[in-house]
Amino acid sequence: TTSHPLYSNQSTFIQRQFGAMLQPGVNKFSLRMFGSHKAVAMEQERLKSAGEWIIHPYSDFRFYWDLIMLCLMMGNLIILPVGITFFKDENTPPWIIFNVVSDTLFLVDLVLNFRTGIVKEDSTEILLDPKAIRQRYLKSWFAVDFVSSIPVDYIFLMVDLEARLDSEVYRTARALRIVRFTKILSLLRLLRLSRLIRYIHQWEEIFHMTYDLASAMVRIVNLIGMMLLLCHWDGCLQFLVPMLQDFPLDCWVSKNNMVNDTWGIQYSYALFKAMSHMLCIGYGAQAPEGMTDVWLTMLSMIIGATCYAMFIGHATALIQSLDSSRRQYQEKYKQVEQYMSFHKLPADVRQRIHEYYEHRFQGKMFDEENILGELSEPLKEAIVSFNCRSLVAHMPLFANADPNFVTAVLTKLRFEVFQPNDFIIREGTVGRKMYFIQHGRVGILTRGNKETKLSDGSYFGEICLLTRGRRTASVRADTYCRLYSLSVDSFNEVLEEHPMMRRAFETVAVDRLDRIGTKASPDWLKHLPFSPLLAMTQFSIQFHFYSALCKDLASEKHFLNQFRFYL
């Protein structure tokens, strides 16, 4: 009486643990399917309400069971043809144990399929109703799975038992016909190939191999494995058919005196003959003479040609998917070449266009705007910050700035490339952009002044965005320059959000105007945004800026009159 509650508790604990293995676990596969921990918990409750002993397809039990069945199926599909074809005595203990264990596990798998949830084709829902599962399985793969799970080795055991009871009967032609029939019946177990294909497809879905490279590589590996398996089967078939005919004199086995050789030699020559046919490089050791060999050769050639065509198609898809961005660039540049040819552009212009595309896209082309537009703001900011990390590292303006300001600027930048001697800015034109130098060197040209050089980490063009006037100098690229541009609208939008950063730009602008000796009109100050909280700060910096610009004014009184409207 005292041990009964303990036994009951242990039994309840085991049932609870086993029931947990049938439920979907919290892992990356189930989270990808259901979206969140809460959704997984809801799926677990749905499984409990579906009925007793329903196995979820994303459960730990099904994962490990499928793994065991996958290995078992691969072993069966390789070992069974060899045993059926090349071994006369199939009643040895190791062979019987292997086949009985395999047949038993496949029968168990057949039963478990009636209790395993089915993922719908659109992957939006999982069937957990036992009746729906049963109907769906009976209409789909039950017949093939049942035929491939027939326990043929039990028939072998019965025939062997009959032979042991009456050795004379075993030597009769009737007994030999039964053995041959069981050998042919054993080939039905090769229908387990359908299970192998389905399991591999399920694992591809589980591991979410939807990327071009990964999925193409998996298809190539699967195809190569399938071709090798078909070669293996074809080699066994090349020997099995003459063996079932008692090795006629015109068959290739008799001609090569291999009837009594070891199974290793027989298999090697049979595989060589099959691969010669499938690869269409010959007939093996000699050309077929008997009608059986002729038909087997034609069958091998058809299978080999089909596999070769499938391999070429998958290999082409793999090559194309390896670098789709490069392929897109090549297609785009072909259009550019046709455009240049159609308009008969000069050779030097064509060369410059070619070099521009090489430096601008570097052999790859992406729809970056569309890609970033589909992402969330945090992801977009993270990618832009990573892509512009060298720019931020070399630019003192960004080094000590507010990180929010840096992020706001980086998300509005546009990448541009200029070739040597290109004029990025021309003096006297209306300024609509400022530029940040990621890589390269530019020269600032003004009339009557020494040329100023700027390189990595510098910026220029901000004066016109502050003054809303015309360019006060020209900027020419000395080398290939990789720049980021910021439009006037984006510039003002960022400074409205971060007004304190206007001081940094204005200080640099004052210094540059002072060095080049440019005298700008102070009227642009009235367009600056006014904020009571920033009045004193803006007053001090604007006073300094105005003092530098108005050195040639008649008097301090005139200066104050000009500045009074801002106060």
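Any value given below was found using the heavy atoms of this structure, including those in side chains, with hydrogens, waters and symmetry copies removed. Residues take their numbers from the sequence shown, with the count starting at 1.
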So, do His232 and Tyr267 have ring centers that fall under 6.0 Å from each other?
->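 When the ring centroids of His232 and Tyr267 are compared, they turn out to be within the sub-6.0 Å range.
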Pair Tyr58 + Phe63: ring centers closer than 6.0 Å =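 That pair fails the under 6.0 Å test.
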Out of curiosity, [X] [atom1] to [Y] [atom2], how far, rounded to the nearest 0.5 Å?
{"X": "Leu72", "Y": "Leu67", "atom1": "CG", "atom2": "CG", "value": "11.5 Å"}
{"X": "His439", "Y": "Leu391", "atom1": "NE2", "atom2": "CG", "value": "13.0 Å"}
{"X": "Leu299", "Y": "Met278", "atom1": "CG", "atom2": "CE", "value": "9.0 Å"}

Give the C-alpha distance, both sets of side-chain angles, the deciding distance and a yes or no for side chain to side chain contact (heavy atoms under 4.5 Å, CB included) between Gln266 and Asn260.
-> CA-CA 9 Å; Gln266 294 171 343; Asn260 297 318; over 6 Å; no
Measuring only between side-chain heavy atoms, which start at C-beta, is [X] closer than 4.5 Å to [Y]?
{"X": "Met301", "Y": "Met298", "value": "no"}
{"X": "Cys251", "Y": "Thr292", "value": "no"}
{"X": "Asn256", "Y": "Tyr269", "value": "no"}
{"X": "Leu77", "Y": "Trp233", "value": "yes"}
{"X": "Leu105", "Y": "Val101", "value": "yes"}
{"X": "Cys307", "Y": "Met226", "value": "no"}
{"X": "Pro24", "Y": "His56", "value": "yes"}

Taking side chain to side chain donor-acceptor pair (under 3.5 Å) as the test, write out the residues that go with [X], two or more places apart.
{"X": "Arg46", "answer": "Glu43"}
{"X": "Ser325", "answer": "Asp323"}
{"X": "Thr297", "answer": "none"}

Under the ring-ring contact (aromatic ring centres under 6.0 Å, His included) test, residues paired with [X] that sit two or more places apart:
{"X": "Phe247", "result": "Phe239"}
{"X": "Phe366", "result": "none"}
{"X": "Tyr333", "result": "His354, Tyr357"}
{"X": "Trp263", "result": "Phe87"}

Partners meeting salt bridge (Lys or Arg N to Asp or Glu O under 4.0 Å) with [X] (sequence neighbours left out):
{"X": "Lys332", "result": "none"}
{"X": "Arg360", "result": "none"}
{"X": "Glu374", "result": "none"}
{"X": "Arg389", "result": "none"}

Run the side chain to side chain contact (heavy atoms under 4.5 Å, CB included) check on Ile55 and Leu112 step by step: do they pass?
-> CA-CA 8 Å; Ile55 305 172; Leu112 291 179; 3.8 Å; yes
More than 12 foreign heavy atoms under 6.0 Å from [atom1] of [X]: is that the case here?
{"X": "Phe86", "atom1": "CZ", "value": "yes"}
{"X": "Phe146", "atom1": "CZ", "value": "no"}
{"X": "Gln135", "atom1": "CD", "value": "yes"}
{"X": "Leu249", "atom1": "CG", "value": "no"}
{"X": "Tyr308", "atom1": "OH", "value": "no"}

Aromatic plane relationship, Phe61 with Trp65 - under 30° parallel, 30 to 60° tilted, over 60° perpendicular |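 Parallel: the ring planes of Trp65 and Phe61 meet at under 30°.
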Ser341 side chain to Glu337 backbone, donor-acceptor under 3.5 Å =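 No: the side chain of Ser341 does not pair with the backbone of Glu337.
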Arg136 side-chain N/O to Leu127 backbone N/O, donor-acceptor pair under 3.5 Å =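 No, Arg136 side chain to Leu127 backbone: no donor-acceptor pair under 3.5 Å.
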Under 3.5 Å, sequence neighbours excluded: what are the donor-acceptor pairs made by side chains of residues 342-351?
residue : atom : partner : partner atom : Å
Arg350  : NE   : Leu345  : O            : 2.9
Arg350  : NH2  : Met340  : O            : 3.2
Gln351  : NE2  : Glu355  : OE2          : 3.1

Ion pair present between Arg62 and Asp109, side-chain N to carboxylate O less than 4.0 angstrom?
->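 The answer is yes: the pair qualifies as a salt bridge.
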Criterion side chain to side chain contact (heavy atoms under 4.5 Å, CB included) on Thr116 and Ile133, from CA distance to verdict = CA-CA 7 Å; Thr116 302; Ile133 295 173; 5.8 Å; no
Modelled atom types, side-chain donor and acceptor of Ser300 and Gln238, under 3.5 Å |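 Side-chain D/A pair, Ser300 to Gln238: present.
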Do Tyr137 and Asp145 have side-chain atoms, one donor and one acceptor, less than 3.5 Å apart?
->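 Yes, a side-chain donor-acceptor pair sits under 3.5 Å.
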Determine, stepwise, if the pair Glu358 / Tyr329 fulfils side chain to side chain contact (heavy atoms under 4.5 Å, CB included).
-> CA-CA 10 Å; Glu358 285 294 321; Tyr329 169 80; 3.1 Å; yes
